[in-house]
Every structure is written in structure tokens, then in C-alpha cells.
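A note on names: the letters A, B, ... follow the listed sequences, proteins ahead of strands, and every chain is numbered from 1. The structure presented is a predicted model; accordingly, all values stated were derived computationally and were not measured.
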There are 2 protein chains.
Amino acid sequence: MSFKTLSAAAAIQLDKELMSTGAYSIDQLMELAGLAVAHAIYKQYPPSTTPNQASKTLVQDFTPSKLANRVVVLVGPGNNGGDGLVAARHLQLWGGYSPVLYYPKKSKSNQLYSSLLKQLQDLEVPEISSLEEVLAVIDSPQTSLIIDSLFGFSFKPPIRDPFQDLIKHLAHSHGKIAPIVSIDIPSGWDVENGPVDLDINPAMLVSLTAPKPCAAHFHNENRVHYLGGRFINKQIAVKYGLEEIIARYKGDDQVVKL
Amino acid sequence: MSFKTLSAAAAIQLDKELMSTGAYSIDQLMELAGLAVAHAIYKQYPPSTTPNQASKTLVQDFTPSKLANRVVVLVGPGNNGGDGLVAARHLQLWGGYSPVLYYPKKSKSNQLYSSLLKQLQDLEVPEISSLEEVLAVIDSPQTSLIIDSLFGFSFKPPIRDPFQDLIKHLAHSHGKIAPIVSIDIPSGWDVENGPVDLDINPAMLVSLTAPKPCAAHFHNENRVHYLGGRFINKQIAVKYGLEEIIARYKGDDQVVKL
């Protein structure tokens, strides 16, 4: 599998271009990106096939009525987190999934993220408030899927708390916890070079707009890779060398498996 | 087929609620609504089945390279028009359709509509500037589909020019032109009571959020009715009596055929 990738610098430039001369609002792009992530999850992990979909066992006390097919959504402080919030909303609206949020570092000044959170609160999506609790929920056999929307292509190390302990836990728990779906970048990975040291090992990656260079380190037989964010026009595709990859979308699908 | 409908007053109230306490932005809602319209069109009129998809005959001179499977998008001055602009963008991005716009009354102060238009211009979607030309294009056998995104649930008569002549033409041409897909309300119809006098006769209606009362006058054996705009939460559904109708959505579909 080979494809053109977008460097971190190019991805930042492309995003700027979409929102300046391209006239897209961040609300629009984030809605399409998060919706694409949710569609990719639905394709790869439809409600009927996730491990504990039929389970009605009640554990924990923050969401007694909604534990079947639990999806833990780990939300970072920036746009990658925003994509996760949108994906969580669509999964909840569709039914068959029970998203729970862990969103420890909320921006106080960003109206969009506050709005996305309010939309989830109105859908009664529960929120976990402490690191200890989220680690326990991650380890619980009641959890079917973990969405990693912590850091995206503009992430620069170091990872600060509580994300450092969270990512360490995810990395140490490989094979013992539910599959991880990373949005755009597996959090903790270097955007260009991939795994750095002790890194999480996602089962699935959803690249947005185009894969970033670290995605080249992602492929092996057990991993699945989707592309979403079907919104760039021909001129932008030509400018960034993305014509081949965006031509892979089929019909009216918002995502494509690479 | 029976279903709960939303009166014009209730639809206006629900929209206000989504954008105030519901914390949705108009950008988000319009993106989801327009995307749903495009998906419904794709389901009902996929590119391979539309009459002249294979035709490469060149007529008219405003879009010489893009006449196969032409979709004429009639864009009104308000939010219904905005939904049409978003739908046109997704159809163009997906390929297999060649949307052309007629958007005669552009708001000078609405940034969102200007942005949606710019996104289409960047995708090289052509625009027809005169009523005479759009009437000729509507009548052309090269046109496969007509999207009526002229007026929505907040429309109040009278219809002003150039829309009056346009709607008259559509009404008089019934059976002689391509199928019309109306967004939310068949333009010219009374939102509550349906057809008024000389009205257009759409082949397909895409209701958004919930059908409006006039949709009850829509059904007959040759017409198809879709619902899109899958974004209301349970409390709002309960408040407006929409639980049954939104429960009809399946899987991760953004639209459902009623």
C-alpha cells in the first residue's frame, strides 16, 4: 500500500488554505471530519459485531443505563479533540454505541468546542472526570472501543499530564484492552516519523484529508486504515499531490478503506 | 404512510432551539442538511441511472466540458437555498453529476451563503445568470435533474420575480422536463396546506428534521419522499412528537426513505 502523504507543515498550510481562500468554516470542516470518523467506525466496528454489544451488565456508576457497547472517547485540547466530539455525537445519535467522554483539558475560550460538548450533554453522553476513573473504564471488559482524539498533526512534544499517564497506560495495555481507533495521528507518535518510544498501538487509523507521513509506519496485517474528510477541490488536490488518493472514494461514501 | 409533521411555527421554534440552547451553529446544521439531500439524491438518482449520463453532447456554452448528467440547482435567497448550495457541492465532489447553479437573489450581508458559493466556484460549478438562460437549461434534454431549493418552511407569499416566472415555468412544464427534487417544501406550496394554485409537481421531496404538514399532500404512487437532518436529541424529539419518525433511520444512514 503506497500513497502520497502530507507533511505536518503541508497539512497546516492546507487547513489554512481551506479556511481562508477556500471559505470553509472550522464548524463545517470539523463536522465533516467527525462524521467521517463515525462512518469509518460504523463500517469497521458495526454495533452488532463489537464484543460486548449484547451485554447489559452494569458496572461503574456514571452511566448505569448505557453500558452496552461502550466507546471511550479520549478528547484532547485542540481540533483533533473536536473531531472526536463530533464523531461521538453521531455514534450516539445512530444508536448501538454508548460513547463516554474523557475531556480533561477544556479550552475556556473556544466557543466551538464548548458547543460540541453541549450537544453531547444534551444527548446524555456521560463524561468521566478523573484519570483514575478513565483508566479503570479503559481496562473494563465492558468497553468495546477506544477513540483516540487526543493530538493531531500540529502536536509537538512534550506530552503533558494527564495525557502522558493516559498514553502510557494505553501503550502498556496493548492487547489487553479494546481496540483503539486513532483520529489522523496515533497520539504520541511523531507526525513525520511515527512511533517514538513508548507509543500506543491503534488497531485502526482514520486519516483526515490525506494520510500524514507517520501513517507509513502504521501498516501491518492486523491494522486497518481509512481516509475521510472528502472536501478538497481539484486545485488543492493538484497543488498538494493528492489527486490519486482522493480518487479512491467511491459513490457517495464519506470514507474509504485504504 | 402516516407520520407526525411539524407546523411552520413549530419548525421555526425547533430551529431556534437547536441554535440557542442546542448550541448548534447554522454552518453545522446546513452542512448536515445539504449533505443529507445529496445522499438522498444519490440513493434515488445514482449517476448510472440518470437518463443522459452517458451523453457527451455539448449544448449551451457556459459549461462545455460538464454537460453529462447535469443537475440544475435553483437557489433561493434564504436557508433553503443554502441547503441547495451544500448539496450541490457534495454532488460535485462525488463526481458523476454536473451541477449548475441559478442563484439570482444573493444576500449581500450573509457571510455563510457567500462562503458556500465560493466553495462551489472553487469546484468550478458554473452559474447561470439570467432567467431566460435557466429556463432554456431546464427545458434542455441534457438536464437530468432539477433541485428546487428556492423556498423553505419560513416562506410567505407572494413569490417575487424572478422566482414567480421560474416556478410558473416549472409548473407548466410538468412531465416535459427532468424530475424535480424539492428540499423540505415544494416551492410555492403553502407550508401547511400544500399546493395553492399553479404549483410545481416534484418527483421527490427531501424533508429536513421532520416533514412539514404540506408533505401530507405529496404522496402518490410516483413520488418519493426522504427524510434527512439526523441531528435532534431525544428531549427535542419528545417535545415535538418526533420520536417515531426519527426512529426510522437505519444504521449510519443520514437519510431514510419514508
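Pairs engaging residues 95-119 of chain A under the salt bridge (charged side-chain N to carboxylate O under 4.0 Å, His left out) rule: A/Lys106-A/Glu127, A/Lys118-A/Asp122 [sequence neighbours left out]. The side chain to side chain donor-acceptor pair (under 3.5 Å) contacts involving residues 72-84 of chain A comprise A/Asn79-A/Tyr113, where partners must be two or more places apart or lie in separate chains.
A/Gln119 and A/Arg89 share a side-chain donor-acceptor pair at under 3.5 Å. A donor-acceptor contact closer than 3.5 angstrom is absent between the side chains of B/Ser144 and B/Arg70.
At a heavy-atom separation below 4.5 angstrom, chain B is approached by A/Thr21, A/Gly22, A/Ala23, A/Tyr24, A/Ser25, A/Asp27, A/Gln28, A/Glu31, A/Leu32, A/Leu35 within residues 19-35 of chain A.
Heavy atoms of A/Leu116 lying under 4.5 Å from chain B belong exclusively to its side chain. Proximity to chain A is absent for every atom of B/Leu91, based on heavy atoms less than 4.5 angstrom apart. For chain B, no part of A/Gln121 is nearby; none of its heavy atoms comes within less than 4.5 Å. Neither the backbone nor the side chain of B/Gln111 comes within less than 4.5 Å of any heavy atom in chain A.
When each of A/Lys250, A/Arg230, A/Gln235, A/Gln254 is scored by its heavy-atom pairs under 4.5 Å with chain B, the top score falls to A/Arg230.
Distance CG/A/Asp184 to CZ/A/Phe153: 6.5 Å, rounded to 0.5 Å.
A donor-acceptor contact shorter than 3.5 Å is absent between the side chain of A/Ser98 and the backbone of A/Asn69.
With sequence neighbours left out, A/Phe218 forms a ring-ring contact (aromatic ring centres under 6.0 Å, His included) with A/His225.
Checking each of B/Tyr45, B/Trp94, B/Tyr226 against B/His39 for a ring pair (Phe, Tyr, Trp, His ring centres under 6.0 Å) leaves exactly one that passes, namely B/Trp94.
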